[in-house]
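Only one structure is covered here, and it is reproduced in the block below.
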Amino acid sequence: MTEQPTRNVRAQTFWGRARRSGTLVSGVLLLAIIVAAAIAAPWIAPHSPTAQNLTGGLLPPSPEHWFGTDQLGRDVFSRVLFAARTDLSLAFAAAIIPFVIGVTAGLVSGYFGRQTDWVISRVVDTVIAFPFYVIVIAIAFALGAGPAGIVVAFALVGWVGYARVIRVLTASMREEEWVRAARGAGLSHAHVLARHVLPNVLPQAVVLFMNEVLLIMVAIVTLGYLGLGIQPPTPDWGTMIAEAQPFVTTKWWLAALPGLAVVVTGIGLSLTADGLGDALRVRDAAGGRGSRVVNRSPAPAIPGVALARGALRVADLTIRPSDNSSSIGLVRGISFAAVPGEALGIVGESGSGKSLTLRALLGSMPAGVYVSHGSAETGGRVGMVFQDPLTALDPLTRVGTQLGEAVAAAAGSEGSATGRDRKHERTARVRELLALVQLPGDRIARAYPHELSGGQRQRVVIAMALASNPDVLLCDEPTTALDVTVQREVLELLRDLRRTRGLTLVFVSHDLAVVSTMCERILVMRGGMLVEQGSTDDVLHIPKDAYTRMLLDAVPQLPPLASDTSAVPSSYASVVPVPVPALEARRLDLSYGTGALTVEGVEFAIAPGGSLGIVGESGSGKTTLARALVGQLPLTGGDLLLDGVRLPVQRPRELLRDIQLVPQDPASALNPRMRIGDALGEVLRLAEYSQRDARETVATSVRASLARVRLDPDLASRYPHELSGGQRQRVAIARALATNPRVLVADEPTSALDVSVQTDIVALLQELRAELRLTLIFVSHDLAVVHELCDTVLVMRGGRVEEQAGPEFFSHPRSAYGRALLDAVPRLER
């Protein structure tokens with residue numbers, strides 16, 4: 001099936017967001033009026049700002065002198081206009097130098113870290129140790145009053161604010177997949193900083209710049225008030241306020257009107273800074289799974305027809321975008337029902353409307369969509385288990401506190417207990433919920449989400465959903481991010497909860513094998529429509545719709561697991577020694593600097609053009625090993641050989657390009673601010689061409705690279721958020737292939753994809769192996785995909801190799817752990 005890129009992206013551009021931002025529009029308009037008045041001051045000022053009239057001093061506002069006159073008879077309105085010209089131009093000029101210094105220091109400090117970061121951070125701490133205004137006044141006093149002293153003072157002091165913020169942003173961005181990929185492609189540090197990191201930190205830096213202009217303008221006014229800023233007779237708001245101080249009680253306009261000009265200008269700068277921050281932020285065109293909930297009302301119910309507790313009913317449900325950008329609904333007239341206690345599965349590919357249907361049943365539509373027609377009703381209370389437990393939990397709040405808040409929200413105003421009794425009841429309920437999901441109460445309640453495993457976090461999310469004693473439990477892809485053994489635990493928990501509590505379960509997934517083991521009935525959705533529904537047996541064995549048959553055919557299958565645990569049949573091929581391996585690991589040890597080994601004693605050898613699958617539970621060391629193979633992590637011990645030659649600890653660019661990584665998450669694998677063609681072009685230019693070659697030559701190679709991974713070459717002009725997940729994954733593969741590597745390391749490249757897209761990616765990798773003679777290392781917890789793609793399997797557990805085998809592993813595993821992995825895989829019986 002051909003995936004379609006996202007089309008409705010106009011509102012996601014900078015200009016689209018800017019036009020919709022009332023804060024930015026009002027701030028820019030206000031600031032534009034002030035700047036225009038300052039620029040046009042020589043032409044619109046009714047009088048000279050320095051012309052004195054000693055006989056006309058201290059006149060009140062009048063048609064001739066709109067703001068009155070000062071003690072020397074000078075026109076206050078003219079002086080306010082010229083002071084805006086002076087103070088704003090000096091504020092912007094004084095902000096440029098610290099902006100450049102601070103952003104550069106922050107980039108270098110955050111990107112290189114270690115000694116470089118330590119030195120720059122100590123300089124920043126030293127400057128920050130002194131009060132801001134004290135040090136500025138001291139520098140301005142030492143250098144002399146006037147513009148030069150002000151510019152130098154802020155150049156020496158103002159850069160530290162940029163450096164601290166940009167350092168933190170750069171340090172976090174340094175570990176992003178697209179930054180790792182750029183370094184792995186052999187691009188220089190300067191290129192990575194200028195083309196990848198800087199454009200992504202620049203929006204925040206621009207916001208800081210606007211705020212810094214405001215700060216400097218206020219400081220200029222303050223210095224002028226103290227006599228250390230702009231010197232008379234040049235008009236300056238601070239000087240005007242200082243000169244008006246003796247008359248503040250009798251001639252109010254002399255100080256109030258320049259002060260009002262400062263306040264209005266400050267408001268304009270502040271609004272512009274806040275609006276720019278929103279407009280420059282890159283958002284996913286689809287809104288992302290973390291979209292803010294704005295509509296908590298359920299779809300309209302059918303009047304006069306009550307539902308039994310635990311039942312649900314959807315009638316002619318239609319969901320549309322709030323901006324009516326499409327005449328076709330995101331969900332189009334679907335209808336179905338479930339009886340109390342039933343388990344109903346909803347399957348389909350991304351964009352089919354599964355999750356939106358659940359949100360309609362929950363009564364919490366995401367931002368940007370609404371129920372335009374039909375109804376979605378449930379009988380009784382509803383709970384929901386979201387897909388990613390790490391984003392569903394507050395990372396800064398202990399688990400017990402979050403569960404307690406859920407308990408309090410569920411209780412509402414019920415009960416008469418107050419104070420200590422209410423707190424005791426809440427604590428007891430939290431322990432009860434944790435016990436219900438089979439978690440040790442006290443330890444888990446004290447933990448933060450990052451201290452728990454993926455399975456534990458998912459159990460906590462289920463406990464939160466159960467806090468309201470729901471009659472209907474909605475599960476949106478609750479096991480997609482889990483390995484097979486943890487997935488089995490979570491599925492068994494849901495089955496047990498359904499059996500003991502009589503829950504009605506609605507289970508959304510793109511994994512038909514999982515749904516088939518959980519549900520009695522299945523609904524199949526495509527493009528917002530319901531294409532088929534029926535009992536699980538009927539849908540799996542006698543599907544009526546061609547799309548359903550395509551989904552079933554796309555599910556990878558494992559061979560039957562032999563019940564006999566005796567020796568492997570001799571007919572199976574064993575792993576044989578390779579004369580000259582393409583890649584060989586000898587007793588590899590890895591650690592993260594804590595002293596304890598994360599990966600220990602790993603050995604393998606892959607023949608040229610061969611494929612090795614690395615499998616195991618989360619935390620087994622699979623991804624750590626993959627990153628070490630591509631040079632992102634240093635080896636603690638052992639040797640890694642490429643074509644029989646030992647790789648050095650610090651690999652030169654040429655060797656980095658020989659082993660390339662395809663990361664797990666296609667959304668984070670590409671720079672969000674770089675077009676697809678530019679992301680591929682920079683690698684191709686480095687790998688194949690000199691900087692003097694014509695742009696058309698690189699553009700041709702970009703189109704050829706996209707065609708090689710079966711993508712439309714016209715996608716080169718698009719941004720990553722305009723592509724589907726499968727398209728982004730193909731682009732990530734194309735970028736990895738742009739360096740002409742000999743070994744391709746794919747880290748969970750299909751875990752976030754639908755079954756049909758997953759099938760396409762697997763087929764693509766198989767074709768590329770044959771076409772380019774690639775050696776492939778495939779890291780995954782999906783054993784069926786590994787079986788389909790790989791010649792040999794490396795089974796890891798706790799950082800060690802538990803078993804290494806050929807195809808015989810999938811039916812006759814030698815280790816008990818390998819058998820447990822295979823036994824935990826849901827199988828689709830057709």
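FYI, the numbering just counts along the sequence from 1.
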Ignoring hydrogens and geometry beyond distance, is a side-chain donor-acceptor pair present between [X] and [Y] at under 3.5 Å?
X	Y	answer
Glu802	Ser815	no
His510	Gln758	no
Thr598	Thr624	no

Please check: side-chain N/O of [X] versus main-chain N/O of [Y], any donor-acceptor pairing under 3.5 Å?
X	Y	value
Gln458	Pro478	yes
Thr759	Ala554	yes
Lys622	Gly616	yes
Arg814	His812	no
Arg174	Tyr111	yes
Gln660	Gly184	yes
Thr623	Asp747	no
Glu617	Asp483	no
Lys354	Met525	no
Arg457	Pro449	yes

Can you measure from [atom1] ([X]) to [atom2] ([Y]) and round to the nearest 0.5 angstrom?
X	Y	atom1	atom2	answer
Arg735	Asn671	CZ	CG	9.0 Å
Thr775	Asp658	OG1	CG	11.0 Å
Leu737	Ser705	CG	OG	8.0 Å
Arg819	Leu561	CZ	CG	4.5 Å
Arg646	Leu641	CZ	CG	8.0 Å
Leu670	His721	CG	NE2	12.5 Å

Do [X] and [Y] sit within salt-bridge range, that is, some charged N less than 4.0 Å from a carboxylate O?
X	Y	answer
Arg769	Asp791	yes
Asp639	Arg586	no
Glu177	Arg627	yes
Glu803	Arg797	no

Going through the distances and angles, do Arg708 and Leu768 end up as a side chain to side chain contact (heavy atoms under 4.5 Å, CB included)?
CA-CA 8 Å; Arg708 183 162 61 179; Leu768 291 173; 4.0 Å; yes
Quickly, which of Glu682, Arg673, His191 forms a side-chain hydrogen bond (donor to acceptor under 3.5 Å, both in side chains) with His196? Name it, please.
Glu682
More than 12 heavy atoms of other groups within 6.0 Å of Arg773 CZ
no
Using a 6.0 Å cut-off, check whether atom CD of Glu771 has over 12 heavy atoms from anything other than its own residue.
yes
4.5 Å side-chain heavy-atom contact, [X] and [Y]:
X	Y	value
Val793	Leu783	no
Leu765	Ser611	no
Leu635	Arg587	no
Glu489	Leu493	no
Thr485	Tyr817	no
Asp823	Arg488	yes
Pro663	Trp178	no
Asn200	Pro672	yes

Atom of [X], atom of [Y] and distance for their closest heavy-atom approach:
X	Y	result
Gly601	Asp589	N-OD1, 2.7 Å
Pro556	Val785	CG-CG2, 4.0 Å
Leu647	Arg651	CD1-CZ, 3.8 Å
Val801	Glu603	CG2-N, 4.5 Å
Leu706	Pro713	CD1-O, 3.6 Å
Ser717	Asp714	OG-O, 3.2 Å

Given the rule in the side chain to side chain contact (heavy atoms under 4.5 Å, CB included) test, do Gln729 and Val662 qualify, once you have shown the distances and angles that lead to the verdict?
CA-CA 8 Å; Gln729 193 62 281; Val662 179; 3.5 Å; yes
Check the angle between the aromatic planes of Phe810 and His787 and answer parallel, tilted or perpendicular using the 30° and 60° thresholds.
perpendicular
Sorted by chain and number, sequence neighbours left out, ring pair (Phe, Tyr, Trp, His ring centres under 6.0 Å) with Tyr719 holds for none
Show your working on side chain to side chain contact (heavy atoms under 4.5 Å, CB included) between Gln727 and Leu715 and close with a plain yes or no.
CA-CA 9 Å; Gln727 288 171 327; Leu715 294 181; 4.0 Å; yes
Go through Leu680 and Val702 one step at a time and tell me if the side chain to side chain contact (heavy atoms under 4.5 Å, CB included) criterion holds.
CA-CA 6 Å; Leu680 292 175; Val702 166; 4.2 Å; yes
